Amino acid sequence: MKYWLMKTEPSTYSIDDLLAEPGQTDHWDGVRNYQARNFMRDEMQPGDKVLLYHSGKHPAVVGTAVVVREGYPDHTAWDPESDHFDPKSRPDTPTWYMVDVRCETKFTTPLPLKHLRGLSALSDMWLLRRGMRLSIQPVTAAEYEAILSLAESA
DNA sequence: GCCAACGTTGGC
DNA sequence: GCCAACGTTGGC
């Protein structure tokens, strides 16, 4: 089982939007970065655990989710009406992929990014690296557990 | 609003 | 294949 962090801009799509879906489950569409695509297409599996992260005005880890469907083509890429339309992606040769995730927990208090900095348990976390913009990031089991502990004690 | 860090585009 | 220009992300 692997662990991940998935970023979202809450004014576009927040943890509350995910919770509002039937079964608290939705597809994670719109990722248009090849490295992030590769993680979803090639590595993410049902059962993998996910930290949900809000970027923007109040950057914070806000809850957890679980992957419930492995990577499959992101159909929004070939929808001309979609904000994420990409004419290079074709149904027979899809460029972009997504997974389905189910929200597991929403933290009672978001765990702000600034509270994570400087913690030795998280010193190697991708999220805290300078200039790290990748929207799908691998997380270690130890980092995942550390985040959960912080969330519970917050 | 600023700006650093990246990714992409396109001329050559 | 190189690299300058440009657009985007996202923290501050």
Side-chain angles (χ1 to χ4, degrees), chain A residues 2-21 26-44 48-65 67 71-101 103-140 142-154:
Chain A
K2 292 180 175 169
Y3 299 83
W4 307 94
L5 179 141
M6 300 175 86
K7 268 188 210 175
T8 183
E9 165 56 50
S11 63
T12 302
Y13 189 90
S14 74
I15 188 172
D16 293 318
D17 293 319
L18 179 57
L19 283 168
E21 292 292 329
D26 203 359
H27 51 273
W28 203 264
D29 64 77
V31 173
R32 297 292 179 266
N33 170 279
Y34 285 101
Q35 193 175 3
R37 187 278 309 269
N38 292 346
F39 284 140
M40 291 201 292
R41 186 189 61 185
D42 304 333
E43 295 199 42
M44 293 178 90
D48 285 3
K49 292 181 175 299
V50 175
L51 297 169
L52 295 173
Y53 176 84
H54 281 178
S55 60
K57 195 173 168 66
H58 301 289
V61 181
V62 294
T64 67
V67 176
Y72 62 106
D74 181 344
H75 57 78
T76 66
W78 53 72
D79 173 6
E81 302 298 307
S82 169
D83 289 343
H84 305 295
F85 176 61
D86 181 357
K88 293 192 301 297
S89 184
R90 311 280 315 150
D92 51 342
T93 54
T95 305
W96 305 113
Y97 282 71
M98 59 188 177
V99 297
D100 288 355
V101 297
C103 191
E104 280 198 319
T105 59
K106 177 184 174 181
F107 297 159
T108 51
T109 308
L111 205 50
L113 179 62
K114 64 171 184 271
H115 291 189
L116 306 181
R117 295 194 185 281
L119 300 178
S120 59
L122 304 179
S123 57
D124 292 329
M125 198 173 179
W126 283 40
L127 181 68
L128 306 180
R129 295 179 192 174
R130 227 159 72 87
M132 177 46 65
R133 305 186 309 182
L134 195 61
S135 64
I136 310 281
Q137 301 175 5
V139 171
T140 68
E143 289 162 351
Y144 184 90
E145 296 303 332
I147 295 279
L148 284 202
S149 296
L150 289 164
E152 284 164 10
S153 62

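Order of the sequence lines fixes the chain letters, A, B, ..., with proteins taken first and strands second; residue numbering starts at 1 for each chain. We use all heavy atoms of the structure for the numbers below, so side chains are in, but hydrogens, waters and symmetry mates are not. Just so it is clear, the structure is predicted and the values come from calculations on it, not from any experiment.
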Could you tell me which residues satisfy ring pair (Phe, Tyr, Trp, His ring centres under 6.0 Å) with A/Trp78, sequence neighbours excluded, listed by chain and number? none

Please name all residues satisfying ring pair (Phe, Tyr, Trp, His ring centres under 6.0 Å) with A/Tyr72, sequence neighbours left out, ordered by chain then number. none

Boundaries of the chain A footprint along DNA chain B (any atom under 4.0 Å from a heavy atom): B/dA4 to B/dT8

Scan A/Lys7 against the nucleic acid and name what it touches under 4.0 Å (heavy atoms): base, sugar-phosphate only, or nothing. sugar-phosphate

Sugar-phosphate, base or nothing in reach of A/Arg117, heavy atoms under 4.0 Å: sugar-phosphate

Residues at least two apart in sequence or cross-chain that pass salt bridge (charged side-chain N to carboxylate O under 4.0 Å, His left out) with A/Glu104, listed by chain then number, are A/Lys49

Set of salt bridge (charged side-chain N to carboxylate O under 4.0 Å, His left out) partners for A/Arg32, sequence neighbours left out: A/Asp74

Tell me which donor-acceptor pairs under 3.5 Å the side chains of residues 53-65 of chain A have, and how far apart each pair is, sequence neighbours excluded?
residue : atom : partner  : partner atom : Å
A/His54 : NE2  : A/Ile15  : N            : 3.1
A/Thr64 : OG1  : A/Thr105 : N            : 3.3
A/Thr64 : OG1  : A/Thr105 : OG1          : 2.6

Show me the pairs that pass salt bridge (charged side-chain N to carboxylate O under 4.0 Å, His left out) and involve residues 81-100 of chain A, at least two apart or across chains. A/Asp86-A/Lys88

Which pairs pass salt bridge (charged side-chain N to carboxylate O under 4.0 Å, His left out) with one or both residues in residues 144-154 of chain A, sequence neighbours excluded? none

Hey, can you pull the residues of residues 122-136 of chain A with a non-hydrogen atom under 4.0 angstrom from DNA chain B? A/Arg130, A/Gly131, A/Arg133

By side-chain contact (heavy atoms from CB on, under 4.5 Å), which residues pair with A/Asp48, not counting sequence neighbours? A/Met1, A/Lys2, A/Trp4, A/Met44, A/Gln45, A/Val67

Positions of residues 77-85 of chain A (non-hydrogen atom under 4.0 Å from DNA chain C), listed by number: none

Measure the spacing between CG of A/Asn33 and CZ of A/Arg133 and express it to the nearest 0.5 Å. 8.0 Å

If you look only at distance, which donor and acceptor atoms sit under 3.5 Å apart when one is on a side chain in residues 106-124 of chain A and the other is two or more places apart or in another chain?
residue  : atom : partner  : partner atom : Å
A/Lys106 : NZ   : A/Asp16  : OD1          : 2.8
A/Arg117 : NH1  : A/Leu128 : O            : 3.4
A/Ser123 : OG   : A/Ser120 : O            : 3.1

